[in-house]
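Take a look at the structure below.
Everything quoted here is computed from the prediction, not taken from an experiment.
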Amino acid sequence: MDRVKDLASKKAAVIFTKSSCCMCHSITQLFYELGASPAVHELDNDPYGRQMEWALRSLGCNPSVPAVFIGGKFVGSSKDVISLHVDGSLKQMLMDAKAIWF
């Protein structure tokens, strides 16, 4: 859990993913299209990936990826991020966290 919190706090936007996850790719692309450059941590390519996956599940992220943090705070998984994008608040959250500047 400490590793997840540490990585999540190092950048304004952080996404925990797996390389084989299509929704992870879609959420990452959405952030890029909004002008953000998130830190992307692929759990299947990290030696501590399994432990981080369990930590994400304990935060309520099920499935465990994608798990999105903005401004160091857990936002949720793909359905949460898509809902925020549809209602227009995702962009504002990214601006408030200084992940984008327009």
Checklist entry - Just how far is it from atom OG of Ser77 to atom CG of Leu56, taken to the nearest 0.5 Å? => result 11.0 Å
Item to check | Nearest atoms (heavy-atom pairs only) where Thr17 meets Thr28 | outcome: CG2-OG1, 4.1 Å
Next on the checklist: Is any side-chain heavy atom of Cys24 closer than 4.5 Å to one of Glu42?
Outcome noted: no
Item to check | Check against side-chain contact (heavy atoms from CB on, under 4.5 Å), Lys79 and Leu84 | outcome: CA-CA 9 Å; Lys79 67 178 181 158; Leu84 291 168; over 6 Å; no
Checklist entry - Atom CD in Glu33, atom OG in Ser26: separation rounded to 0.5 Å? => result 9.5 Å
Item to check | Results of side-chain hydrogen bond (donor to acceptor under 3.5 Å, both in side chains) for Ser89 - residues two or more places apart only | outcome: Asp87
Checklist entry - side-chain contact (heavy atoms from CB on, under 4.5 Å) between Met23 and Ile82: does it pass, once the steps are laid out? => result CA-CA 11 Å; Met23 286 309 295; Ile82 291 168; 3.8 Å; yes
Checklist entry - Which atoms form the tightest heavy-atom contact between Ile70 and Met93, and what is the distance? => result CG2-O, 3.7 Å
Checklist outcome for this item: Closest non-hydrogen contact found for Leu94 with Ala13 is CD2-CB, 4.2 Å
Item to check | Minimum-distance pair of heavy atoms, taken over all atoms of Asn45 and Ser19 | outcome: ND2-CB, 4.2 Å
Checklist entry - Given a cutoff of under 4.5 Å between side-chain heavy atoms of I, L, V, M, F, W and Y, with clusters grown through shared members, what are the other residues clustered with Val40? => result Tyr32
Checklist outcome for this item: For Cys61 and Pro66 the tightest heavy-atom approach is SG-O, 3.7 Å
Item to check | For Ser20, all residues meeting side-chain hydrogen bond (donor to acceptor under 3.5 Å, both in side chains), sequence neighbours excluded | outcome: none
Item to check | ring pair (Phe, Tyr, Trp, His ring centres under 6.0 Å) contacts in which one or both residues fall within residues 38-97, not counting sequence neighbours | outcome: Phe16-His41, Phe16-Phe69, Phe69-Phe74
Next on the checklist: Test side-chain contact (heavy atoms from CB on, under 4.5 Å) on Leu90 and Leu34; report intermediate values, then the result.
Outcome noted: CA-CA 9 Å; Leu90 178 61; Leu34 291 172; 3.7 Å; yes
Checklist entry - Restricting to pairs with a member in residues 93-102, which pass side chain to side chain donor-acceptor pair (under 3.5 Å), not counting sequence neighbours? => result Gln92-Asp96
Checklist entry - Can you name the one residue among Met52, Arg50, Gln51 that meets side chain to side chain contact (heavy atoms under 4.5 Å, CB included) with Leu43? => result Met52
Next on the checklist: Is there a side-chain contact (heavy atoms from CB on, under 4.5 Å) between Ile100 and Phe31? Walk through the geometry before answering.
Outcome noted: CA-CA 10 Å; Ile100 57 176; Phe31 274 60; over 6 Å; no
Item to check | Partner residues of Lys18 under the side-chain hydrogen bond (donor to acceptor under 3.5 Å, both in side chains) criterion, sequence neighbours left out | outcome: Glu53
